[in-house]
Amino acid sequence: MRLKWRPPRSFVVMSAIGSFVGGVVIFKDILGGGNYNGPEELEGKTVIITGANTGIGRETAHEMARRKARVIMACRDLEKCKEARKDIVLDTKNKKVACWVCDLASQESIRNFAKRNITEESRLDILVNNAGVMRCEQSVTKEGIELQLGTNHMGHFLLTNLLLNKLKESAPSRIINVSSVAHTRGKINFEDLNSANNYDAADAYAQSKLANILFTLELAQRLKGTGVTSNAVHPGIVNTDLSRHMSIAKSWIAAVFARPILWLFLKTPRQGAQTTIYAALSQDLQAVSGKYYSNQEETELSKDAQDMAAARRLWAISEHWTRLS
């Protein structure tokens, strides 16, 4: 009599767990959107990425290095930047990756960074304005500007304008501003732009992300005919250090119950970087400017984000606050 072999119960359980985990990973990959797989190589090109030591910025830097670009990682914390650079260089075998100090909350630091770039670098092909802070406690930059507006918008406004001549000399070149879907609930409060009278962390963040969009659109208008394009992106809801100031990041209850569920729906930094990479590289966007992308597709803007009168007014204020005018 032939005995029928039955697998041990532990084997069955482990196989079921493996299938479940595999299914979850596949589901998360689908939700996160596809990778950008364009053929572009960046040999001889120079890319600057702010906030490149972590999260989306780091993944963007990694991909640019993989495509053989010279990558300048513009970061506030030089030691963290060096750690990220080491991993990128080891993986890509591209030694043309540099760490430069650039604190977006200090206009002096931004000016020093730009001066160094103008002096030492021969070209600039892609500028990715990625760094940012989100929903932090009320605080200000070294110039006294509300931290989220000062870092997310004013810092990048100043940096971009200081590097515009280099971008024009290197044309065709691109500027990518990392904004957020949060811009749709944002309002530019010209009566209290610095949130001095009434500070709400979420409102201040949304205002700064709307400012990113208005800056992108006004910049695109001003750059017509130069060969330099200006576009904005929404990376998605991404699991990065950016959310460290939110209550869910500080709660042990959330750590036990909410985060495992959120993990399934949050994009990884790699997934979140794909639309930035698409906007920076895709040949389909070579002459496209003044657009907003999400999941590698052009996406509709909120009504307030299309207010060009507000964009011009914000530009004038930004020039004044950054001492460009």
Side-chain angles (χ1 to χ4, degrees), residues 25-42 45 47-52 54-69 71 88 92 125-132 134 152 156 160 172-184 186 209-210 212-217 219-220 223 227-240 242-243 262-302 305-306:
V25 171
I26 292 171
F27 180 65
K28 184 174 174 65
D29 285 344
I30 293 171
L31 286 179
N35 288 336
Y36 176 72
N37 295 313
E40 296 83 8
E41 292 288 332
L42 298 174
K45 305 288 188 181
V47 182
I48 291 176
I49 304 163
T50 65
T54 187
I56 296 168
R58 176 171 176 161
E59 292 295 339
T60 304
H62 196 143
E63 182 64 20
M64 299 302 169
R66 190 180 71 79
R67 292 172 184 261
K68 303 178 182 179
V71 180
I88 291 171
T92 65
D125 301 273
I126 302 170
L127 171 62
V128 180
N129 291 321
N130 164 82
M134 177 181 179
N152 300 350
H156 285 126
T160 302
S173 52
R174 305 188 191 191
I175 300 164
I176 295 89
N177 296 316
V178 178
S179 182
S180 167
V181 70
H183 88 270
T184 59
K209 293 291 102 178
L210 176 56
N212 289 154
I213 301 288
L214 294 174
F215 170 51
T216 299
L217 269 57
L219 184 60
L223 290 174
V228 184
T229 61
S230 166
N231 291 299
V233 301
H234 166 52
I237 310 301
V238 186
N239 188 12
T240 69
L242 190 63
S243 62
L262 287 174
W263 173 86
L264 183 60
F265 296 97
L266 292 176
K267 287 186 177 183
T268 65
R270 174 68 182 170
Q271 291 170 328
Q274 295 309 305
T275 301
T276 299
I277 294 166
Y278 164 75
L281 300 180
S282 175
Q283 291 302 304
D284 293 340
L285 306 186
Q286 183 65 57
V288 176
S289 193
K291 302 297 183 182
Y292 171 61
Y293 295 91
S294 177
N295 288 327
Q296 301 180 48
E297 294 181 350
E298 185 180 343
T299 304
E300 187 176 354
L301 292 166
S302 70
Q306 300 176 58

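Since the structure is predicted, the reported quantities are computational estimates derived from the model, not experimental observations. In what follows, residues are counted from 1 in the order of the sequence shown.
Side chain of Ser173 to backbone of Val228: no donor-acceptor contact under 3.5 angstrom is found. The closest donor-acceptor contact from the side chain of Lys209 to the backbone of Val178 lies under 3.5 Å. No donor-acceptor distance shorter than 3.5 angstrom exists from the side chain of Ser282 to the backbone of Tyr278, with no hydrogens or angles considered. In this structure, the side chain of His234 engages the main chain of Val181 through a donor-acceptor pair within 3.5 Å. In this structure, Thr275 contributes its side chain and Gln296 its backbone to a donor-acceptor pair below 3.5 Å. Within the 3.5 Å criterion, the main-chain N or O of Tyr292 finds no donor-acceptor partner in the side chain of Asn231.
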**Request:** Would you please test Thr50 and His156 for side-chain hydrogen bond (donor to acceptor under 3.5 Å, both in side chains) and show each step?
**Result:** CA-CA 9 Å; Thr50 65; His156 285 126; 2.9 Å; yes
**Message:** Could you walk me through whether Leu285 and Thr229 satisfy the side-chain contact (heavy atoms from CB on, under 4.5 Å) test, starting with their C-alpha distance in whole Å, then the side-chain angles of each, then the deciding distance to 0.1 Å, before giving a yes or no?
**Reply:** CA-CA 9 Å; Leu285 306 186; Thr229 61; over 6 Å; no
**Asked** How far apart are the C-alpha atoms of Val71 and His62, what are their side-chain angles, what is the distance that settles it, and do they pass the side-chain contact (heavy atoms from CB on, under 4.5 Å) test?
**Response** CA-CA 9 Å; Val71 180; His62 196 143; over 6 Å; no
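Here the shortest heavy-atom pairing between Ala305 and His183 reads CB-CD2, 3.7 Å. Considering every non-hydrogen atom in both Ile176 and Arg174, the closest pair reads CD1-CB, 4.0 Å. Heavy atoms only, all atoms of each residue included: Ala52 and Ala61 are closest at CB-CB, 4.3 Å. Counting all heavy atoms, side chain and backbone alike, Pro235 lies closest to Gly272 at CB-O, 3.3 Å. The two residues Ile49 and Gly57 have their closest heavy-atom pair at CG2-O, 3.9 Å. In terms of heavy atoms, Gln286 sits closest to Pro172 at NE2-CB, 3.1 Å.
Between the CD1 atom in Ile277 and the CZ atom in Arg66 there is a gap of 8.5 Å [rounded to 0.5 Å]. Atom CG of Asn37 and atom CD of Glu40 lie 10.5 Å apart (nearest 0.5 Å). Rounded to the nearest 0.5 angstrom, Ile213 CD1 and Lys291 NZ are separated by 12.5 Å. Residue Thr276 holds its OG1 atom at 8.0 Å from CE of Met64, rounded to the nearest 0.5 Å.
Between Asn152 and Met134, every side-chain heavy-atom pair lies at or beyond the 4.5 Å cut-off. Between Glu63 and Arg270 the shortest side-chain heavy-atom distance falls below 4.5 Å. Contact check for Leu217 versus Leu301: side-chain heavy atoms found under the 4.5 Å cut-off. In this structure, the side chains of Asn212 and Asn129 stay at 4.5 Å or more apart for every pair of heavy atoms. Contact of the Leu42 side chain with the Lys68 side chain is not registered, since no non-hydrogen atoms from C-beta on lie closer than 4.5 Å. Inter-residue side-chain proximity for Asp284 and Val288 is flagged as unmet; no heavy-atom pair is nearer than 4.5 Å. Inter-residue side-chain proximity for Ile175 and Leu223 is flagged as met; some heavy-atom pair is nearer than 4.5 Å. In this structure, Thr60 and Asn130 have side chains that are not in contact, with every pair of non-hydrogen atoms separated by 4.5 Å or more.
Residues satisfying the salt bridge (Lys or Arg N to Asp or Glu O under 4.0 Å) test with Glu41, not counting sequence neighbours, are none.
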